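No experiment lies behind these values; they were computed from the predicted model shown. Along the sequence shown, residues carry numbers from 1.
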Amino acid sequence: MLYHVPDLDRALAELARVLRPGGRLVAVTNSENSLHELWSQFGERARRVQPFSTENGEPPLRRHFARVERRECAGTVTFPDWEAAHRYVASSVTRAELADELPRFDGPLVASRRSVVFVAETARR
């Protein structure tokens, strides 16, 4: 949950410090465009720029780790009905206030999921 850390550089420096030489940090994070089909229902009100995402996570990792590998992941999430999508939005830490504004829809809503797995390795001594 590196996107919740108030001081990302400090957190990454500490993670790099406590890992053994050649140790690895595996950090999975979502794209700011993940679940676009769901969040686009709210227009710009749902747009959030996260401090650690697929779009901006690599540079801070490179400042603290000797090697950073990026592995793209894609898939879909199917919300079987409006109620399921509403519950998901209501449970969101950053967008819960939008839940009651979700427009009604019939049938399933299929949303594209985009994530990255970063594998960051400390220097070997």
> Passes salt bridge (charged side-chain N to carboxylate O under 4.0 Å, His left out), E72 versus R70? Steps please.
Replying inline: CA-CA 6 Å; E72 303 279 339; R70 178 186 177 105; 2.6 Å; yes

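- To the nearest 0.5 Å, atoms CD (E32) and CZ (R48) are separated by 11.5 Å.
- The stretch residues 54-68 participates, sequence neighbours left out, in these side chain to side chain donor-acceptor pair (under 3.5 Å) pairs: D9-R63, D9-H64, S31-E55, S53-E55, S53-N56, E58-R62, R67-E69, R67-E121.
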Show every donor-acceptor pair shorter than 3.5 Å between a side-chain atom in residues 11-22 and any protein atom, with sequence neighbours excluded, or say none if there are none.
{"residue": "E14", "atom": "OE1", "partner": "R17", "partner atom": "NE", "Å": "3.0"}
{"residue": "E14", "atom": "OE2", "partner": "R17", "partner atom": "NE", "Å": "3.4"}
{"residue": "E14", "atom": "OE2", "partner": "R17", "partner atom": "NH2", "Å": "2.6"}

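- A side-chain donor-acceptor contact under 3.5 Å links D7 to the backbone of R10.
- Residue A90 comes nearest to A96 through the heavy atom pair O-CB, 3.3 Å, listed as atom of the first residue, atom of the second, then distance.
- For the salt bridge (Lys or Arg N to Asp or Glu O under 4.0 Å) test, no residue two or more places apart in sequence or in another chain qualifies with E44.
- Residue T122 holds its OG1 atom at 10.0 Å from CG of L25, rounded to the nearest 0.5 Å.
- Hydrophobic cluster membership for F105: L35, L38, W39, F42, V77, F79, W82, Y88, V89, L98, L102, L109 (Ile, Leu, Val, Met, Phe, Trp, Tyr linked by side-chain heavy atoms under 4.5 Å, directly or transitively).
- Taking Ile, Leu, Val, Met, Phe, Trp and Tyr as hydrophobic and joining them when side-chain heavy atoms fall under 4.5 Å apart, one finds V49 isolated, its cluster having no other members.
- By the criterion of side-chain heavy atoms lying less than 4.5 angstrom apart, applied directly or through intervening Ile, Leu, Val, Met, Phe, Trp or Tyr residues, Y3 is grouped together with L8 in one hydrophobic cluster.
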> How far apart are the C-alpha atoms of H86 and D100, what are their side-chain angles, what is the distance that settles it, and do they pass the side-chain hydrogen bond (donor to acceptor under 3.5 Å, both in side chains) test?
Replying inline: CA-CA 7 Å; H86 180 266; D100 291 335; 2.9 Å; yes

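- In this structure the side chain of F52 reaches within 4.5 angstrom of the side chain of F118, judged on heavy atoms.
- Counting only residues at least two apart or in different chains, side chain to side chain donor-acceptor pair (under 3.5 Å) contacts with residues 105-116 comprise N30-R113, N30-S115, E37-S112.
- Taking 4.5 Å as the limit, some side-chain heavy atom of C73 sits within range of a side-chain heavy atom of V117.
- Linking ILVMFWY residues whenever their side-chain heavy atoms come closer than 4.5 Å, directly or via other members, places M1 and V5 in the same cluster.
- Cluster membership check: V119 shares its hydrophobic cluster with V28, using side-chain heavy-atom separations under 4.5 Å among Ile, Leu, Val, Met, Phe, Trp and Tyr.
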